[in-house]
There are 2 protein chains.
Amino acid sequence: MPARPTSKPRARRQKPEARPYHHGDLRRVLIDAALQLAAEGAEVSVREAARRAAVSPGAPFRHFPNRDALMAAAAEEAQRRFRAEIEAALGEAKGAEAAADPLLRFRAFGLAYLRWAMRNPAHFEIISTGRYFAHGSSPELTRDNAELIALTEQMLADAAEQGLLRSADLKRIQIAGRALVYGFARMNLDGHFPRWGVGKGEVERMAEGVIDLFISGIATTD
Amino acid sequence: MPARPTSKPRARRQKPEARPYHHGDLRRVLIDAALQLAAEGAEVSVREAARRAAVSPGAPFRHFPNRDALMAAAAEEAQRRFRAEIEAALGEAKGAEAAADPLLRFRAFGLAYLRWAMRNPAHFEIISTGRYFAHGSSPELTRDNAELIALTEQMLADAAEQGLLRSADLKRIQIAGRALVYGFARMNLDGHFPRWGVGKGEVERMAEGVIDLFISGIATTD
DNA sequence: CCTAAATGTAATCGATGATTACATAACGGA
DNA sequence: TCCGTTATGTAATCATCGATTACATTTAGG
C-alpha cells in the first residue's frame, strides 16, 4: 500500500451505519443515557454518558456547560414524563364520577403521583432532590412543579367550597398531603420498605391505603 | 549545619502542643470532621476529613476500610444524637399529662423528630438516605431505627386499646405517620420550602400544625 | 466555492478514592 | 531494660472524574 498523502481522502459514507463525524442529536442521546444510568442505579457521570453515546469524553461539554446542566436537562425530561402521566390519570378520572368530587380527583392525583414514583424511583429522585444540580437552576422544572402544586390547591379549594373538608386551613392540608405523598415516595426510594421490595404490588397497595387514610382524615363525610 | 546522620534524633516532645506522630483518637476526629463537613453543606471527602485532622490522605484508611465505612460511622454517631434527643423529649412528656395519653406521646415524638431534622438537616440526610453508604451496611443504625419504629407502634397500639383511633388498621396509620413526618423533613431538606427558609420558626410551626392535623385525622375524639 | 460557525477529538489538569511499601511509635514479655 | 510485634501514620502511585484548551472536521450560508 502506497503512503497516503497527508490530507486524508474525504470520508465518503459507504454504509449508512458508518457513524458520521457529527452525531445525529448528541444532546438528546446524552440526556437519555443519563436517565438510563440513573434508572440502573449507577452513578451518573458525564464520561459514562459519553461512553454510551460512543463519543469522546469532552464532547458532552459542547452541549452542556457542565455536569449540572446535563443533570438538569435530564431532570426536565423526567419531569415532563412525570407530569404527562399525572395529567393522563386526571384526564381519565374526569370521565368518571370524579369529575364532580374534588376529593376523588385529589385521590387520583396522589395515586398517579405515587404510582410513577414507585416505578421510576431514580427519576423521581432526580426531579425532587435538588442534589443532582443546583436548586432553581432549571426554571422550567420549578414552574412545572409549581403548576402541579397549584392543581392540588385548586382541588382542595373546590372541596372546601363544597363543604367536604373538616378544616378550613387549606394550606396546612396541602402541605400535609404533599409531605405524606412525598414522604412515601422517598421512603420507598431510600429503602425504608425492605421486606416488601419483592412484590411491588404490595407497596402500591399500601400507597393507596395511605392516601385513603389521609383523605378520610380530612373529609367531613366518612 | 553539619549533615545529620541518617537516623533522625529521637523526637522529644518539647511542647505539649507539638503534634505527636500518633494522633490521639483519629477515628473519632475523622467522624466529627465528616459530620462537620456535612453540616456545612460541603461534599464529604475522605481527603478533606484527613485535611481537617491534619493528617495524610491515606491515614483515614487505617481506621476505615473505605469511604462508605467512614460515612456509616458518621451516620451512627448522628443517629445516636437523633435518638437521644427524641428520648429526652419523650422523657419530658412523661412527666406531663402525656403519660396517660398515647396520642400526646405520639405527638411529642413527631415534634422531636421534626425539630431535630429541621435543625440538623444534613445529619438527618446521612441517617435516612442510605445513599452515603451501602444500605444495611450498619447493623447498629438499622437496629436503632427499628427500635424507634417499634416505639411508635407501641404508642399506636396503646391508643387503639384506649379506643382513641378511628381505624383499626394500625400498620396503615403507622406507615402514613412515618411518611408524613419523613416527607416533611425531606421537603425541608430538599428545598421545597423556599420562601420560609429565612424564618426557621415558621417551618417548625408548620411542622407542628401538620402533625396535629394528622393526629386529629386518625383520632376519634375531636 | 469558500469561509465561518458548529460540533467532535485529543491532550491535559487538579481532585478524589484507593492501594502499596515503608517509617515510626506504643506496648508487653524475656 | 531491651527487643520484637503490632498499631498507626506517611509517601508514592493509580484509575476515574469533571473540566479546559487547542485542534480537526463537518455543515451551512453568502
Side-chain angles (χ1 to χ4, degrees), chain A residues 4-16 18-31 33-34 37-38 40 42-74 131-134 137, chain B residues 4-16 18-31 33-34 37-38 40 42-74 131-134 137:
Chain A
R4 286 200 245 157
T6 55
S7 70
K8 286 201 238 169
R10 193 128 51 94
R12 296 171 194 276
R13 235 175 290 160
Q14 304 203 345
K15 304 177 190 177
R19 187 166 58 86
Y21 185 89
H22 274 33
H23 199 290
D25 185 359
L26 183 53
R27 183 186 163 86
R28 179 53 167 220
V29 172
L30 287 171
I31 291 174
L37 280 170
E40 290 167 9
E43 285 272 320
V44 181
S45 77
V46 177
R47 288 179 110 90
E48 183 60 29
R51 227 169 272 137
R52 298 221 172 174
V55 102
S56 80
F61 292 93
R62 290 287 174 186
H63 298 271
F64 305 96
N66 51 37
R67 189 195 115 106
D68 278 12
L70 168 58
M71 296 306 299
R131 187 177 307 104
Y132 294 100
F133 55 96
S137 121
Chain B
R4 285 200 244 155
T6 54
S7 69
K8 286 201 241 171
R10 192 125 52 97
R12 296 173 194 277
R13 234 175 292 165
Q14 306 203 348
K15 305 177 187 177
R19 187 166 59 85
Y21 185 89
H22 273 35
H23 199 290
D25 185 0
L26 184 52
R27 182 186 163 86
R28 180 51 167 219
V29 173
L30 288 171
I31 291 175
L37 280 170
E40 291 167 9
E43 285 272 320
V44 181
S45 76
V46 178
R47 287 178 111 91
E48 183 60 30
R51 224 168 276 136
R52 298 220 172 173
V55 101
S56 79
F61 292 93
R62 289 286 172 186
H63 297 271
F64 305 97
N66 50 37
R67 189 194 114 104
D68 278 14
L70 168 58
M71 295 307 300
R131 187 175 308 105
Y132 294 99
F133 56 95
S137 121

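What you see is a predicted model; the values in this text were computed from it and never measured. Just so it is clear: chains get the letters A, B, ... in the order the sequence lines come, proteins before strands, and each one is counted from 1.
Distances from the side chain of A:His63 to the nucleotides C:dT9, C:dA21, C:dT7 place C:dT7 closest. Closest approach to the B:Asn66 side chain among D:dT20, C:dA18, C:dC22 is made by C:dA18 (side chain taken as heavy atoms from C-beta onward).
Atom CG in B:Leu26 sits about 19 Å away from atom P in C:dT24, given to the nearest Å. The distance from atom CD of B:Glu43 to atom C1' of D:dG18 is 12 Å, rounded to the nearest whole Å. In this structure, B:Asp25 places its CG atom 14 Å from C1' of D:dG9, rounding to the nearest Å. In this structure, the CG atom of A:Leu30 is 12 Å from the P atom of D:dG18, given to the nearest Å. With rounding to whole Å, A:Leu70 atom CG is found 9 Å from D:dG18 atom P. In this structure, A:Phe61 atom CZ and C:dT12 atom P are separated by 18 Å, rounded to whole Å.
Take A:Arg28 and apply the salt bridge (charged side-chain N to carboxylate O under 4.0 Å, His left out) test, not counting sequence neighbours, and it matches A:Asp32, A:Glu77. A:Phe61 meets the side-chain contact (heavy atoms from CB on, under 4.5 Å) test with A:Val46; sequence neighbours excluded. With sequence neighbours excluded, the residues forming a salt bridge (charged side-chain N to carboxylate O under 4.0 Å, His left out) with B:Arg52 are B:Glu40, B:Glu48, listed by chain and number.
Looking at B:Arg27 and B:Phe64, their side chains come closer than 4.5 Å, going by heavy atoms from C-beta outward. Residues B:Val44 and B:Tyr132 have side chains not in contact (no heavy-atom distance under 4.5 Å, counting atoms from C-beta outward).
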### Query
Once each nucleotide of nucleotides 11-17 of chain D is scored for protein heavy atoms under 4.0 Å, what B/S/- sequence comes out, 5' to 3'?
------B

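Looking at which nucleotide of DNA chain C each of B:Asp68 and B:Arg62 is closest to, the 5′-most match is held by B:Asp68.
Counting only residues at least two apart or on different chains, no side-chain hydrogen bond (donor to acceptor under 3.5 Å, both in side chains) pair has a member in residues 55-66 of chain A.
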